[in-house]
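Remember, it's 1-based here, ligands and their atoms both numbered in the order they're listed. Keep in mind that this is a model prediction, so the values were computed, not measured.
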Amino acid sequence: MNTPTREQIRQAPKVLLHDHLDGGLRTETIIDIARDTGYGRLPSTDPANLAAWFQEASDSGSLERYLETFDHTVGVMQTREALVRVAAECAEDLADDGVVYAEVRYAPEQHTSGGLSLDEVVEAVIEGFRIGSLGPDGTPRIRVGTLLTAMRHQARSMEIAELAVRYRDAGVVGFDIAGAEAGHPPTRHLDAFEYLQRENAHFTIHAGEAFGLPSIWQAIQWCGADRLGHGVRIIDDITLSDDGEAKLGRLAAYVRDKRIPLEMCPTSNLQTGAAPSIAEHPIGLLRRLNFRVTVNTDNRLMSATSVTGEFAKLVDAFGYGWDDLQWFTVNAMKSAFIPFDERLALINGVIKPGFARLKWQA
Ligand SMILES: O=c1[nH]cnc2c1ncn2[C@@H]1O[C@H](CO)[C@@H](O)[C@H]1O
Ligand SMILES: [Zn+2]
């Protein structure tokens with residue numbers, strides 16, 4: 001079996017569960033929309049400089065400062081036209097990266113300052129994904145589902161959960177909470193999570209990124225999260241002896257044994273200070289211990305990355321081969337919020353044959 005090259009990784013049929021719509025804009029598009037809508041606060045109007053600014057400003061080592069960069073992307077996503085364009089380009093960029101199934105999230109409540117209603121925001125984004133998913137022959141090249149995010153420092157989670165349920169048959173596949181983690185425990189939004197459970201709806205929670213085990217414990221045992229956004233701090237509940245043997249605490253064992261998916265985003269974690277380097281990122285240990293690890297981008301603009309980029313970094317740092325990349329991909333597809341038969345069809349009909357072709361390529 002060959003070692004995966006970057007171009008081969010790009011061709012592999014990949015799955016993305018954790019990607020923010022407002023963290024993945026093309027810089028040219030930000031500049032265009034800013035000009036058309038009179039948004040005058042951009043740090044630069046040169047695409048390359050603006051890309052560099054986003055990456056540098058996001059390299060702060062603090063989640064709070066990292067999140068400040070979203071002022072500019074959210075700032076230009078306030079009209080239907082802008083939302084349709086950004087969503088369409090997102091689907092195109094992911095398809096060009098070889099992603100075959102993606103769940104892309106954003107917070108509708110952040111896109112109403114131009115006068116759109118929450119429903120209009122959701123409909124614009126769904127329309128953009130529909131357009132951007134189509135190939136030149138009119139057939140879809142990628143399937144994109146939407147996750148609606150509520151901001152954890154705000155008090156609109158119930159409203160957003162209801163919105164997610166209302167649009168569940170029209171392209172919204174789940175719910176999430178995001179934003180600064182410290183001081184904003186997920187249990188503040190318990191009513192929304194309980195509502196979603198009563199509605200048999202799916203949700204993930206950003207937890208264990210900038211704050212530790214209590215956040216993960218609450219997300220799983222109080223809120224009932226199906227998946228964890230990041231979840232890197234679960235390693236605080238694992239002790240390693242000198243000979244490399246791992247002992248799992250009760251929470252870590254629960255997360256592993258219940259197969260709770262971890263939406264890991266290595267590059268983003270370096271920028272926010274959640275991990276010191278790719279080589280030291282907990283993903284290495286968690287993969288070895290067979291947690292249900294998935295690999296994600298978080299914010300392609302802020303991290304200047306793609307799913308291919310994240311995989312390529314992991315291949316370099318950990319020597320992963322095709323079997324590891326396929327394992328991450330199948331883990332992600334198994335953990336998606338679409339129906340089981342559709343997940344299975346993608347695993348058996350697209351992912352496994354696609355990896356098989358690449359594995360034995362000369
Ligand atoms: O890694 C992250 N941790 C927590 N919140 C985040 C992260 N990335 C983005 N957002 C937040 O999610 C909102 C909706 O997409 C973004 O506006 C940003 O504030
Ligand atoms: Zn995120």
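Neither the backbone nor the side chain of Glu181 has any atom closer than 4.0 Å to an atom of ligand 1 (non-hydrogen atoms only). Proximity of Thr272 to ligand 1, defined as any heavy-atom pair under 4.0 Å, is not found for any part of the residue. The proximity of Leu63 to ligand 1, defined as any non-hydrogen pair under 4.0 Å, is limited to the side chain. Contacts with ligand 1 closer than 4.0 Å are made by side-chain heavy atoms of Asn299 only, the backbone lying farther away.
When the heavy-atom distances from atom 14 (C) of ligand 1 to Thr69, Ile177, Asp22 are ranked, the shortest goes to Asp22.
Those atoms of ligand 1 that come under 4.0 Å of a heavy atom in Gln110, given as number and element, are 13 (C), 14 (C), 16 (C), 17 (O). Every atom of ligand 1 is numbered from 1 in the order shown, and the set under 4.0 Å from a heavy atom of Leu67 is 5 (N), 6 (C), 7 (C), 9 (C), 10 (N), 11 (C), 18 (C), 19 (O). Those atoms of ligand 1 that come under 4.0 Å of a heavy atom in Tyr106, given as number and element, are 15 (O).
The main-chain N or O of Ser62 is found under 3.5 Å from a side-chain atom of Ser60 such that the two form a donor-acceptor pair. Between the side chain of Thr5 and the backbone N or O of Gln8 there is at least one donor-acceptor pair closer than 3.5 Å.
Summarising the geometry of Glu181 relative to Ala210, their closest heavy-atom pair is OE1-N, 2.8 Å, with the distance given to 0.1 Å. Here the closest non-hydrogen pair linking Trp327 and Asn290 is CZ2-OD1, 3.6 Å. The shortest heavy-atom contact between Phe337 and Gly174 is CD1-CA, 4.1 Å.
Ile131 contributes atom CD1, which lies 11.0 Å from atom CD of Glu89 (distance to the nearest 0.5 angstrom).
Residues Asn299 and Tyr66 bring a donor and an acceptor atom of their side chains to less than 3.5 Å of each other. Side-chain contact of Asp46 with Ser44: a donor-acceptor pair under 3.5 Å is absent, judged by distance alone.
Annotation: side chain of Val86 is in contact with side chain of Ile33 (closest heavy-atom distance under 4.5 Å). Side chains of Arg105 and Leu21 form no contact here, defined as non-hydrogen atoms less than 4.5 Å apart.
Less than 2.8 Å away from the Zn ion (ligand 2), the protein contributes these N/O/S atoms: His18 NE2, His20 NE2, His206 NE2, Asp298 OD1.
Residue contact check for ligand 1: His230 places a non-hydrogen atom closer than 4.0 Å to it. Not a single heavy atom of Met302 sits under 4.0 Å from any atom of ligand 1.
For atom 19 (O) of ligand 1, the nearest non-hydrogen atom of the protein is Met151 CE, 3.5 Å. Scanning the protein for heavy atoms near atom 3 (N) of ligand 1, the closest one is Glu209 OE1, 2.8 Å. Counting only heavy atoms of the protein, atom 5 (N) of ligand 1 lies nearest to Gly179 N, 3.0 Å.
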Which donor-acceptor pairs under 3.5 Å do side chains of residues 219-232 form with protein atoms, sequence neighbours excluded?
| from | atom 1 | to | atom 2 | distance (Å) |
| --- | --- | --- | --- | --- |
| Asp226 | OD2 | Phe203 | N | 2.8 |
| Arg227 | NE | Glu263 | OE2 | 2.6 |
| Arg227 | NH1 | Glu103 | OE1 | 3.0 |
| Arg227 | NH1 | Ser335 | O | 2.9 |
| Arg227 | NH2 | Glu103 | OE1 | 2.9 |
| Arg227 | NH2 | Glu263 | OE2 | 3.2 |
| His230 | ND1 | Asn269 | ND2 | 3.1 |
| His230 | NE2 | Glu209 | OE2 | 3.2 |
| His230 | NE2 | Asp298 | OD2 | 3.4 |

Intermediate values then yes/no, salt bridge (charged side-chain N to carboxylate O under 4.0 Å, His left out), Glu159 and Arg156: CA-CA 5 Å; Glu159 211 181 334; Arg156 298 187 70 176; 3.0 Å; yes
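Ring geometry, Tyr320 versus Phe318: the interplanar angle falls under 30°, so the pair is classed parallel (tilted spans 30 to 60°).
Polar contact with ligand 1: present for Asp298 (N/O pair, distance under 3.5 Å).
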